[in-house]
> 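Questions regarding the structure given below will be posed in turn.
Heads up: numbering here begins at 1 and tracks the sequence. Every value quoted in this text rests on a predicted model; they were computed, and no experiment measured them.
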Amino acid sequence: MTESSIRYSPSSNLTYRSWVGIGMRGLKLISLAVLLVLTNLPEAWSHGDQPLSKIAIHKAISALHESAYVKASPEILGMKGQSTEWVALEYGSPNPSVDDWIGVFSPANFSASTCPEVNPRVYPPLLCTAPIKYQYANYSSHNYKDTGKGYLKLRLINQRSDFSFALFSGGLSNPKLVAVSNHVAFANPNAPVYPRLAQGKEWNEMTVTWTSGYGIYEADPFVEWGRKGGDRVHSPAGTLTFDRNSMCGAPARTVGWRDPGFIHTSFLKELWPNALYTYKLGHRLFNGTYFWSEQYQFRASPYPGQNSLQRVVIFGDMGKDEADGSNEYNNFQRGSLNTTRELIQDIKNIDIIFHIGDICYANGYLSQWDQFTAQVEAIASTVPYMIASGNHERDWPGTGSFYGNMDSGGECGVLAETMFYVPAENRAKFWYSTDYGMFRFCVADTEHDWREGTEQYKFIEHCLASVDRQKQPWLIFLAHRVLGYSSCTSYAEEGSFEEPMGRESLQTLWQKYKVDIAVYGHVHSYERTCPVYQNICTNQEKRYYKGTLNGTIHVVAGGGGASLSPFTTLQTKWSLYRDYDYGFIKLTAFDHSNLLFEYKKSRDGKVYDSFRITRDYRDILACTVDSCPSMTLAS
């Protein structure tokens, strides 16, 4: 590369002269058809939260200046096989402003030449794709406005393509392209990365899902695995992907679109209970070359009913954050990195994780899914990472979601259903059950109708009714939206203290089948109720429950990382503990008779609320209100 930036490099894909030409055309006329497509963006951004949605990228114009520059180094990343690396940027502008910002684009060529053709008679906009992240030019160079020179370090992950860095003036609402950097790329951008474990449909099956740049016509994907210290075998993987036409609307279909690469899933079967296994991801190219990931390990699930120590972590609404401070995620999902850090530090004391909806808040900006899977890699590659569907994964008008809002940003469930495996019969209907030793988990999909008479209602009843409580005494119900009880301001203002029509349909099932704990996300805080049925506490104990609960304990655990939700000032009899902070819950089953519940804050991992349940099998069998069939005088 030449002295300063790719602006003067004749070998560059983005020369100074070509950018000027593109800018002149963009100034003359922006495609009416493109503008019509983008008119839906305000609705797609209705929450106003996704940081990338603040950038009016379709309004960008060229203002390239020969004295402005951006230099990025190193140009080759991941030389030692790593999938994450820091890049240093040096940049300058002859007309600096506090509104100047740096955008990271991938693929590196992000000009109008990459825009999908809409009408051959009109020019496309200058830019048609949002950056994958951004930061203000004065973020780490506080005198940038005075000197016109800045320095910035940004953290990149391997996302199957090269990167370039662009300096803009005009702020986020009226971006003017001032300079473009040299290209930066990982040594192998197609490498297999970010494995995610999940339980299969059988208790002795583990699935491994990962992302790569290798399609089915380039290489065979597989997992090499075996018991630690034992023989190793190869298990093939299936491959999925999708295109822009699979998206339901903007921005996922427009400025937020980014090629997802290829998502592979392998099924590791006939595992020995609690055995330790090692594995690594592989791709065999058709020329005989092999590409490998690093080696990982996991512990197989216990046999259903097995009496052993079993530890479960549950939370919702974590989202993602940026370790380099970019994208203003510290204001959007400020607790996310803390939650991730605490889980990584305690991973040896966690057996399985449930992230119950609102996974990464990509909201139609597809690049964020890669960044989320990179953030949780140390967790999801080690223990099963089970997810549920939330409004920010699924909801979009006219697509069959129970709610007609635009919270998914046009993703309409495709990303969540493809990027992560769940043992559902149909991943488009995101409800499923899974067993882990002494636990049975019934996971609902609140973005589809759950009311009595629906297909999902029948699934929920079957899941609750089919468990053998002598072998699996701990029955847990999980869902994203609060179908039970919550003191969140919005629910209180509605007068329901729940998702409308939530417990009215389901509380008879919870009571009949004696669900121990129901856990929800959606509300970004923590709350715990007494054992409750029909708004009445069925047990006056608060910390140590002995014998029959007589109701279900409802927990909101949506404080995984997204901006916090306030509580109402109204005091309800069923609410025992509230916390306006970030955190997660942990369930520890010591045996068939003893369960410990803990709420931990993400800031320090310490326990701030807890209770214990101690009981025998006969306590589960005992009759309580609406939990046993009617008896006759003859009986």
> Mind jotting down which residue pairs meet the salt bridge (charged side-chain N to carboxylate O under 4.0 Å, His left out) criterion with at least one end in residues 375-388? Sequence neighbours excluded, please.
none
> Would you tell me whether D220 and H283 have side-chain atoms, one donor and one acceptor, within less than 3.5 Å of each other?
no
> How about W369 and E411: does a side-chain donor come under 3.5 Å of a side-chain acceptor?
yes
> With sequence neighbours left out, what residues match Y277 under ring-ring contact (aromatic ring centres under 6.0 Å, His included)?
W225, F298
> Answer yes or no: is there a side-chain heavy-atom contact under 4.5 Å between S83 and Y194?
yes
> Tell me if a side-chain donor or acceptor on E218 pairs with a main-chain N or O of G215 at a distance below 3.5 Å.
yes
> By the disulfide (SG to SG under 2.5 Å) test, which pairs, at least two apart or in different chains, include something from residues 226-268?
C248-C412
> Would you mind listing every salt bridge (charged side-chain N to carboxylate O under 4.0 Å, His left out) that reaches into residues 354-367, with sequence neighbours excluded?
none
> For the NZ atom on K201, are there more than 12 heavy atoms of other groups (residues, nucleotides or ligands in this structure) within a distance under 6.0 Å?
yes
> What residues form a ring-ring contact (aromatic ring centres under 6.0 Å, His included) with F163, not counting sequence neighbours?
none
> Residues two or more places apart in sequence or in another chain: which of them pass ring-ring contact (aromatic ring centres under 6.0 Å, His included) with W86?
none
> Is a donor from one side chain sitting under 3.5 angstrom from an acceptor on the other, for S367 and Q159?
no
> Tell me, please, which residues at least two apart from D100 pass salt bridge (Lys or Arg N to Asp or Glu O under 4.0 Å).
none
> With a 4.0 Å cut-off, would you call R244 and D259 a salt bridge?
no
> Who pairs with D243 by side-chain contact (heavy atoms from CB on, under 4.5 Å), at least two apart in sequence or on another chain?
N245, S246
> Going by ring-ring contact (aromatic ring centres under 6.0 Å, His included), name the residues that satisfy it together with F262, two or more places apart in sequence or in a different chain.
none
> Side chains of T278 and R227 only: does a donor on one sit below 3.5 Å from an acceptor on the other?
no
> Would you say T340 and Q375 are linked by a side-chain donor-acceptor pair, where the criterion is simply a distance under 3.5 Å?
yes
> Can you list every pair that meets salt bridge (charged side-chain N to carboxylate O under 4.0 Å, His left out) and has a residue in residues 285-296, with sequence neighbours left out?
none
> Where the side chain of S164 meets the backbone of A108, is there a donor-acceptor pair that is under 3.5 Å apart?
yes
> Got a sec, which pairs hit salt bridge (charged side-chain N to carboxylate O under 4.0 Å, His left out) with one end in residues 128-142, sequence neighbours left out?
K133-E322, K133-D324
> S97: what forms a side-chain hydrogen bond (donor to acceptor under 3.5 Å, both in side chains) with it, not counting sequence neighbours?
none
> Looking only at side-chain N and O atoms, does K320 offer a donor or acceptor that is under 3.5 Å from a partner on Q371?
yes
> Run the side chain to side chain contact (heavy atoms under 4.5 Å, CB included) check on Y91 and I102 step by step: do they pass?
CA-CA 9 Å; Y91 45 89; I102 298 285; 4.1 Å; yes
